[in-house]
Amino acid sequence: MKLSLHFLLPLLLLSALLCPSSAVLCHPQDKKVLLEIKKAFNDPYVLSSWNPDTDCCYWYCVKCDRKTHRIISLVILTDNKISGPIPPQVGDLPFLQTLVFHKLSNITGPIQPAIAKLKSLKFLWLSWTNISGSVPDFLSQLKNLTFLDLSFNNLTGSIPSSLSLLPNLDAIHLDRNKLTGSIPASFGEFQGSIPDLYLSHNQLTGKIPASLGKLDFNTIDFSRNKLEGDASMLFGSNKKTFLVDLSRNMLEFDMSKVEIPKNLQYLDLNHNRITGNIPVGFTADSNLQFFNVSYNRLCGEIPVGGKLQSFDYSSYFHNKCLCGAPLPSCK
């Protein structure tokens, strides 16, 4: 299941990355660069194993390739002693495939432009920091990128449309920032992999581009923004969509016309302006694990069957004239 993979992959990956590599004889230029990064971060305790007299392939927070002995991973986690901007020297590790700065609350400044030099980068995770500025357009140059997580930061400005040029992305996490503007229409034109989209908890406005309806997204989370208009194009009976969270926006569409994806397990539409009634098609969805359409303008009787009656009244209340179990019976 793709969603589970994205929750488990970082944990499994990080547990492996934090173990010292068995490779030896790290490249002297890589060692020099790492020591410069340590100095730029004011010699924090978490990097105390970075001793110039030892082999850098055995240092914590890094990993060497077993054959080339070049540094392919730099992962620094949960340390409030590290402060300042991301050092430009990170761009001088040409074989880097994984770069993770996570829960470093005193990291500030913009996303380092030197990251654009990391053409081998596959996994970029800069989250729970105080980095600011825009989501840089240069990220579209990282054609090998499979995972992009910039969540829980102070990023502002609009989402660059050029991110759709990345052909191998499995997930984009831009949630929990201060992004404005609209969702790029180009996000309906991804070539190759179709990434999970996490854009929640921002200040995005405007309509969801109709172009997104052309693609079969596994996960869409646009919750807690200021989006308006139609969202029905995101659904479809032939799609493999697993999760849709559009809650707490200003969306207006007729739910009666929504076609239910067969694999849908999570649907949250609460606090919008959705009209119509709940489609009978939901009674055929035996996979549904979460369902919330509260605080909308729905009417009619809740269809009986499937999982719909397994959700309590709070999943349905505060609608215009919705009735039937688990709400009071229709008159």
Side-chain angles (χ1 to χ4, degrees), residues 2-3 159 161 164 172 175 181-190 194-200 202 204-303 305-308 311 315-324:
K2 192 174 182 183
L3 181 67
I159 299 172
S161 60
S164 65
I172 297 177
D175 45 307
S182 58
I183 298 171
S186 64
F187 275 23
E189 300 168 2
F190 282 99
I194 301 173
D196 294 343
L197 296 179
Y198 296 88
L199 307 180
S200 71
N202 281 291
L204 300 175
T205 55
K207 296 182 177 181
I208 297 173
S211 59
L212 270 65
K214 298 185 297 183
L215 298 184
D216 189 357
F217 291 95
N218 181 279
T219 297
I220 293 175
D221 186 354
F222 295 165
S223 61
R224 293 179 182 266
N225 281 288
K226 300 175 182 178
L227 301 171
E228 56 188 29
D230 189 17
S232 61
M233 81 293 286
L234 300 177
F235 302 89
S237 58
N238 294 321
K239 292 188 176 183
K240 299 177 181 178
T241 308
F242 167 82
L243 180 152
V244 177
D245 190 346
L246 304 175
S247 61
R248 295 182 182 272
N249 280 286
M250 299 180 288
L251 297 167
E252 299 182 53
F253 60 94
D254 185 349
M255 193 171 181
S256 312
K257 300 178 181 179
V258 168
E259 297 182 356
I260 315 306
K262 295 181 176 62
N263 296 321
L264 189 66
Q265 294 192 28
Y266 187 107
L267 178 64
D268 195 346
L269 301 176
N270 80 77
H271 285 85
N272 280 289
R273 300 169 183 173
I274 301 168
T275 59
N277 52 50
I278 297 174
V280 176
F282 276 109
T283 62
D285 187 353
S286 60
N287 298 311
L288 202 60
Q289 301 297 319
F290 184 93
F291 183 82
N292 193 333
V293 293
S294 63
Y295 290 93
N296 278 289
R297 300 173 182 176
L298 297 171
C299 273
E301 185 172 8
I302 298 170
K307 295 287 190 69
L308 292 181
F311 306 108
S315 294
Y316 300 97
F317 68 176
H318 290 281
N319 272 286
K320 185 177 181 181
C321 48
L322 203 59
C323 57

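If you read the sequence from its start, that first residue is 1, and numbering goes on from there. Since we're looking at a predicted model, the values are computed, not measured.
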Engineer: Is there a donor-acceptor contact under 3.5 Å from the side chain of Lys320 to the main chain of Leu298?
Structural biologist: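 Not at all, since once roles are kept as given, no pair shorter than 3.5 Å links the two residues.
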Engineer: Say you draw a straight line from CG of Leu322 to CZ of Arg297; how long is it, rounded to the nearest 0.5 Å?
Structural biologist: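 The CG atom of Leu322 sits 14.5 Å away from the CZ atom of Arg297.
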Engineer: Taking atom types as modelled, find out whether Ser256 and Asn277 have a side-chain donor-acceptor pair closer than 3.5 angstrom.
Structural biologist: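 Yes.
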Engineer: Over 60° means perpendicular and under 30° means parallel, so classify the ring planes of Tyr295 and His318, tilted if in between.
Structural biologist: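 His318 and Tyr295: parallel rings.
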Engineer: Does Asn272 use its side chain to pair, donor to acceptor, with the backbone of Leu251 at less than 3.5 Å?
Structural biologist: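 Checking the backbone N and O of Leu251 against the side chain of Asn272, a donor-acceptor pair under 3.5 Å is found.
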Engineer: To the nearest 0.5 Å, what is the distance between CE on Met250 and NZ on Lys207?
Structural biologist: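 So the CE of Met250 and the NZ of Lys207 are separated by 12.5 Å.
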Engineer: When you measure from the side chain of Asp285 to the backbone of Thr283, do you find a donor-acceptor pair of N or O atoms at a distance under 3.5 Å?
Structural biologist: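 No; zero donor-acceptor contacts below 3.5 Å.
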Engineer: If you compare all heavy atoms of Ile183 against all heavy atoms of Pro209, which two are closest, and at what distance to 0.1 Å?
Structural biologist: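 Nearest pair, atom of Ile183 first, then Pro209: O-CG, 3.1 Å.
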Engineer: Roughly how far apart are Leu197 CG and Leu234 CG, rounded to 0.5 Å?
Structural biologist: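 So the gap between those two atoms works out to 9.5 Å.
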Engineer: Hey, could you give me the CG/OH distance between Asp175 and Tyr198, rounded to the nearest 0.5 Å?
Structural biologist: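 One finds 8.5 Å between CG of Asp175 and OH of Tyr198.
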Engineer: Tell me the closest heavy-atom pair linking Met233 and Ile208, and the distance in Å.
Structural biologist: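 Looking at all heavy atoms of both residues, the shortest contact is CE-O, 3.8 Å.
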Engineer: Quick one: closest heavy-atom pair of Gly276 and Asp254, and the distance?
Structural biologist: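 Scanning both residues completely, I find the closest heavy atoms to be CA-OD1, 3.3 Å.
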Engineer: Is a side-chain N or O of Asn270 found less than 3.5 angstrom from the main chain of Asp268, in a donor-acceptor match?
Structural biologist: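 Such a contact is absent between Asn270 side chain and Asp268 backbone.
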Engineer: Report yes if some heavy atom in the side chain of Ser232 is under 4.5 Å from a heavy atom in the side chain of Phe253; otherwise report no.
Structural biologist: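 Yes, their side chains come closer than 4.5 Å.
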Engineer: Are Tyr266 and Phe291 an aromatic pair by the rule of ring centers under 6.0 Å?
Structural biologist: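 Centroid separation for Tyr266 and Phe291: 6.0 Å or greater.
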Engineer: For the NZ atom of Lys226 and the CZ atom of Arg248, what is their distance to the nearest 0.5 Å?
Structural biologist: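 Result: 14.5 Å between the selected atoms.
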Engineer: Report yes or no: does Asp245 contribute a side-chain atom to a donor-acceptor pair with the main-chain N or O of Asp221 at less than 3.5 Å?
Structural biologist: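 Not a single qualifying donor-acceptor pair exists.
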Engineer: Backbone N or O of Asn287 within a donor-acceptor pair of the Gln289 side chain at under 3.5 Å?
Structural biologist: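 Judged by distance alone, yes, a pair lies under 3.5 Å.
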Engineer: Checking Gln265 against Leu243 for the side chain to side chain contact (heavy atoms under 4.5 Å, CB included) test, could you report, in this order, the C-alpha distance in whole Å, the side-chain angles of both residues, the deciding distance, and whether it holds?
Structural biologist: CA-CA 6 Å; Gln265 294 192 28; Leu243 180 152; over 6 Å; no
Engineer: Answer yes or no: is there a side-chain heavy-atom contact under 4.5 Å between Leu246 and Leu227?
Structural biologist: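 They are not in side-chain contact.
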Engineer: Minimum heavy-atom separation for Ser186 to Ser161, with atom names?
Structural biologist: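 Taking every non-hydrogen atom into account, OG-O, 2.8 Å.
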Engineer: Under 3.5 Å, is there a donor-acceptor pair between the side chain of Asn249 and the main chain of Phe222?
Structural biologist: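 Checking the backbone N and O of Phe222 against the side chain of Asn249, a donor-acceptor pair under 3.5 Å is found.
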Engineer: Where is the tightest heavy-atom contact between Lys239 and Pro261, given as atom of each residue plus distance?
Structural biologist: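 For Lys239 versus Pro261, the nearest heavy atoms are O-CB, 3.7 Å.
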Engineer: Using modelled atom types and a 3.5 Å cut-off, is there a donor and acceptor pairing between side-chain atoms of Asn319 and backbone atoms of Cys321?
Structural biologist: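 Checked: no pair found.
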Engineer: How about Pro195 and Phe190: do any of their side-chain heavy atoms sit closer than 4.5 Å?
Structural biologist: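 A side-chain contact under 4.5 Å exists here.
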Engineer: Which atom names give the shortest non-hydrogen contact between Ile172 and Phe187, and what distance separates them?
Structural biologist: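 Looking at all heavy atoms of both residues, the shortest contact is CD1-CZ, 4.4 Å.
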Engineer: Quick one: do Val244 and Phe235 satisfy side chain to side chain contact (heavy atoms under 4.5 Å, CB included)? Show the steps, please.
Structural biologist: CA-CA 9 Å; Val244 177; Phe235 302 89; 4.0 Å; yes
Engineer: How long is the straight-line distance from CG of Asn225 back to CG of Leu199, given to the nearest 0.5 Å?
Structural biologist: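 So the gap between those two atoms works out to 7.5 Å.
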Engineer: Ignoring hydrogens and geometry, is there a side-chain-to-backbone donor-acceptor pair from Lys214 to Glu189 under 3.5 Å?
Structural biologist: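 Here the side-chain-to-backbone pair does not exist.
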Engineer: Run the side chain to side chain contact (heavy atoms under 4.5 Å, CB included) check on Met255 and Leu269 step by step: do they pass?
Structural biologist: CA-CA 10 Å; Met255 193 171 181; Leu269 301 176; 4.0 Å; yes
Engineer: Starting from the C-alpha separation in whole Å, work towards a yes-or-no answer on side chain to side chain contact (heavy atoms under 4.5 Å, CB included) for Phe311 and Asn292.
Structural biologist: CA-CA 8 Å; Phe311 306 108; Asn292 193 333; over 6 Å; no
